[in-house]
Number of protein chains: 2
Amino acid sequence: MQHKTETYTHPQKNREMIKKNIQRIIQYRMCLLKFQNLGFDRIFSYTLAQEIGVSPEQVRKDFSQFNLRGNKKAGYKIQEILDSINELLHKEDLHKIILAGLGNIGKALVQYKGFINRNMQLVAGFDIDPAKLKKNCRIPVFPPDEMARVIREEKVVIGIIAVPEQVAQEICNQMVEAGIRGILNFAPIMLKTPPDVTVQNISVCNELEALIYMTEKQEETK
Amino acid sequence: MQHKTETYTHPQKNREMIKKNIQRIIQYRMCLLKFQNLGFDRIFSYTLAQEIGVSPEQVRKDFSQFNLRGNKKAGYKIQEILDSINELLHKEDLHKIILAGLGNIGKALVQYKGFINRNMQLVAGFDIDPAKLKKNCRIPVFPPDEMARVIREEKVVIGIIAVPEQVAQEICNQMVEAGIRGILNFAPIMLKTPPDVTVQNISVCNELEALIYMTEKQEETK
DNA sequence: AGGGTTTTGTTTAATAATTAACAATTAAAT
DNA sequence: ATTTAATTGTTAATTATTAAACAAAACCCT
Ligand SMILES: NC(=O)c1ccc[n+]([C@@H]2O[C@H](COP(=O)([O-])OP(=O)(O)OC[C@H]3O[C@@H](n4cnc5c(N)ncnc54)[C@H](O)[C@@H]3O)[C@@H](O)[C@H]2O)c1
Ligand SMILES: NC(=O)c1ccc[n+]([C@@H]2O[C@H](COP(=O)([O-])OP(=O)(O)OC[C@H]3O[C@@H](n4cnc5c(N)ncnc54)[C@H](O)[C@@H]3O)[C@@H](O)[C@H]2O)c1
């Protein structure tokens, strides 16, 4: 097998960094909401840091990077930061999402009530099984060959893949072809996508295996 | 509010690193299996790298770190590496897992057939809803107050939390108290645990929001 | 009003992770 | 057998991330 020998560059690197940072910001928001509900209206970097398990400097740096400003001696005004984060995440808009596969995972997602609080909505599902189409679902469910039409009509850019591994790449291709730009993938494969499409994998098995490794490792060194 | 001013140290840091590395190893395994099924019996760092989106040097470094050895000029023998990874992950043992919460997510997990191929098994579920106990499930389901007994009797160290946010911390405490050392958490909160308990969060909403941010950011800079 | 104290925000330093480089090796070709 | 080409594994360099340090700001208390 012949390989390229030219210098390897990593187009996804910078994107991974941004994604990691924004994920921390999303965690801060969760925590800010918690403290707001507890009746606080201000918070310090130290408190936030402790809560999500990073250093206070990290919090200040993250906030600084996204231009989230605090007050010297008085910390961060929770509402102010929340507003800024919501703006950053375009939370003023409702974000439409489509879902491929209404099996075990797909059904759980359809039932989930947490999306709407965060201004996200599953607008359509797709499944090859005719039984899934008839079912009185919370969302309209179509056969897969209507996916392109629905994506275009509804102008959806985010899709969830919850179909069997064997058809996941094919569904992914259809999604991308029709204009989907971000994919949350539950299937245990690495999807191939163009560089401008972002994929986030969720693998319950992988996470469990990593957990198991960690616990066994700790047991050994004890 | 008065804060500690002593130097901040980060006990979880080293663990995060190990977890990240082992997660990459788990991904390599997924990829190795794929190529094995395609009929290959050897593979190069370059191929693996391309497949999971890292540099070939990273693959070699990771393998080296876990003492997974290849052959100069001939790459890595897939079966050999797979065997070593499985040994590393203690795949010779069946790993028992308990599940708290048999709602939408919990039911999906119970139905999932992918665990057993990877030598993991849900051995018991816990739910406060009596209706969930009666249901003819694939696994026995108990009320939460039997959790400690079952965990001890079955010697389980891994637990999944799929209960509502409001009770997640309480269930977590019960698990830890009874001997659980690794927790996969679906509830949208940061669980508080002793330092020797590893927590892995899965947050569909967070991941979706990060995806949305990425796609909108890309749209802007286009 | 003003000093003391606390906390941010940023710069600088330290640490960690990734990539590059290359020597060692060996499979395959001749 | 010998040579060639290719790929690993490790060391060195680079880059990225995280933490420490500290100056500037501003709250609070007297
Ligand atoms: N259930 C879990 O807890 C779990 C855990 C980890 C990973 N996963 C992964 O998530 C994915 C879905 O898992 P699941 O348990 O929900 O599976 P499932 O078999 O219950 O559901 C899959 C659904 O996809 C539909 N489908 C099949 N081919 C299709 C196609 N070409 N187009 C559209 N729909 C199609 C099926 O009709 C079915 O409804 C799988 O890849 C699985 O490996 C599931
Ligand atoms: N469903 C999803 O797609 C989804 C997505 C993201 C996050 N989550 C999170 O996952 C968790 C579970 O979600 P869900 O949709 O399955 O919720 P659900 O309400 O369908 O299920 C929760 C289950 O927990 C049980 N329960 C409640 N209190 C309990 C207790 N004290 N002990 C044991 N069991 C108890 C309930 O009886 C119910 O069966 C929630 O924290 C939710 O925010 C779910």
Side-chain angles (χ1 to χ4, degrees), chain A residues 1-25 27-28 32 35 40-50 52-78 80-81 84, chain B residues 1-25 27-28 32 35 40-50 52-78 80-81 84:
Chain A
M1 206 183 292
Q2 183 72 31
H3 293 162
K4 289 192 219 161
T5 52
E6 78 220 29
T7 301
Y8 180 91
T9 54
H10 207 310
Q12 253 86 323
K13 204 81 252 175
N14 189 44
R15 198 193 304 180
E16 279 306 314
M17 189 261 275
I18 297 171
K19 197 160 74 176
K20 205 172 149 194
N21 288 358
I22 202 69
Q23 273 168 341
R24 264 204 309 263
I25 294 288
Q27 283 198 304
Y28 295 139
L32 288 165
F35 278 83
F40 294 94
D41 63 341
R42 295 194 303 200
I43 197 166
F44 300 126
S45 58
Y46 181 90
T47 316
L48 269 174
Q50 226 182 22
I52 83 158
V54 299
S55 72
E57 295 84 5
Q58 178 84 81
V59 176
R60 299 207 291 275
K61 196 119 208 198
D62 285 337
F63 278 15
S64 176
Q65 195 203 329
F66 287 99
N67 210 40
L68 306 169
R69 301 281 144 183
N71 307 86
K72 302 239 160 105
K73 180 87 204 271
Y76 299 91
K77 287 195 184 145
I78 293 181
E80 215 170 282
I81 300 292
S84 301
Chain B
M1 205 182 294
Q2 183 72 32
H3 292 164
K4 289 191 219 162
T5 52
E6 78 219 27
T7 300
Y8 180 92
T9 53
H10 206 309
Q12 253 87 322
K13 205 81 254 176
N14 189 44
R15 198 193 306 179
E16 281 305 316
M17 188 262 278
I18 297 171
K19 198 159 75 175
K20 205 172 149 196
N21 287 357
I22 201 70
Q23 274 168 339
R24 263 205 309 264
I25 294 287
Q27 284 198 304
Y28 296 138
L32 289 165
F35 277 84
F40 293 93
D41 65 339
R42 295 193 303 197
I43 197 168
F44 300 126
S45 59
Y46 182 90
T47 315
L48 268 174
Q50 227 183 20
I52 83 157
V54 298
S55 71
E57 294 84 7
Q58 178 82 80
V59 175
R60 299 207 292 273
K61 195 120 207 196
D62 286 337
F63 278 15
S64 176
Q65 194 202 330
F66 288 98
N67 210 39
L68 307 169
R69 302 280 144 184
N71 308 86
K72 302 242 160 95
K73 182 87 202 274
Y76 299 91
K77 286 194 184 150
I78 293 180
E80 214 171 282
I81 299 292
S84 301

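Just so it is clear: chains get the letters A, B, ... in the order the sequence lines come, proteins before strands, and each one is counted from 1.
- Rounded to an integer number of Å, the gap from NZ of B:K20 to C1' of D:dT18 is 12 Å.
- A:R24 meets the salt bridge (charged side-chain N to carboxylate O under 4.0 Å, His left out) test with A:D62; sequence neighbours excluded.
- In this structure, the CD atom of A:E16 is 14 Å from the C1' atom of C:dA17, given to the nearest Å.
- Atom pair B:K77:NZ and D:dT8:P shows a separation of 14 Å (rounding to whole Å applied).
- Within 6.0 Å of atom NZ in A:K77, 12 or fewer heavy atoms from other residues, nucleotides or ligands are found, so the atom counts as exposed in its surroundings.
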Checking side chain to side chain contact (heavy atoms under 4.5 Å, CB included) for the pair A:Y28/A:I43: CA distance, chi angles, key distance, verdict?
CA-CA 11 Å; A:Y28 295 139; A:I43 197 166; over 6 Å; no
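- As a whole-Å value, the separation of B:I52 CD1 from C:dT18 C1' is 14 Å.
- For C:dT19, the OP1/OP2 oxygens have a side-chain nitrogen or oxygen of B:S55 closer than 4.0 Å.
- Each of C:dT19, C:dG9, D:dT17 was ranked by its minimum atom distance to the side chain of A:Y76; first place goes to C:dG9.
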Is there any protein nitrogen or oxygen under 3.5 Å from a nitrogen or oxygen in nucleotides 10-13 of chain D, and what are the pairs?
from	atom 1	to	atom 2	distance (Å)
D:dT10	OP1	B:R69	NH1	3.3
D:dT10	OP2	B:S64	OG	3.0
D:dT10	OP2	B:R69	NH1	3.4
D:dA12	N6	B:K61	NZ	3.4

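- A side chain to side chain contact (heavy atoms under 4.5 Å, CB included) with B:L48 holds for exactly one of B:I81, B:V59, B:I78; it is B:V59.
- As a whole-Å value, the separation of B:F44 CZ from D:dA6 P is 10 Å.
- Look at CD1 on B:I18: it is 10 Å from P on C:dA17, rounded to the nearest Å.
- Here D:dT17 presents its P atom at 14 Å from CD of A:Q23, a figure rounded to the nearest Å.
- Nearest to the side chain of B:S45, among D:dT17, C:dT18, D:dT8, sits D:dT8.
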Apply side chain to side chain contact (heavy atoms under 4.5 Å, CB included) to B:L68 and B:I25, showing your working.
CA-CA 10 Å; B:L68 307 169; B:I25 294 287; 4.0 Å; yes
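- At whole-Å resolution of the value, CD1 in B:I78 and P in D:dT8 are 12 Å apart.
- Between the CD atom of B:Q58 and the CD1 atom of B:I52 there is a distance of 8.0 Å, given to the nearest 0.5 Å.
- For A:F66, there are no ring-ring contact (aromatic ring centres under 6.0 Å, His included) partners at least two apart in sequence or on another chain.
- Contacts of B:Q65 classified as side chain to side chain donor-acceptor pair (under 3.5 Å), with partners at least two apart in sequence or in another chain: B:N21.
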Check: protein-nucleotides 23-30 of chain D nitrogen or oxygen pairs below 3.5 Å:
from	atom 1	to	atom 2	distance (Å)
D:dC27	O2	A:K73	NZ	3.0

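- Annotation: ring-ring contact (aromatic ring centres under 6.0 Å, His included) contacts of A:Y76 (sequence neighbours excluded): A:F63.
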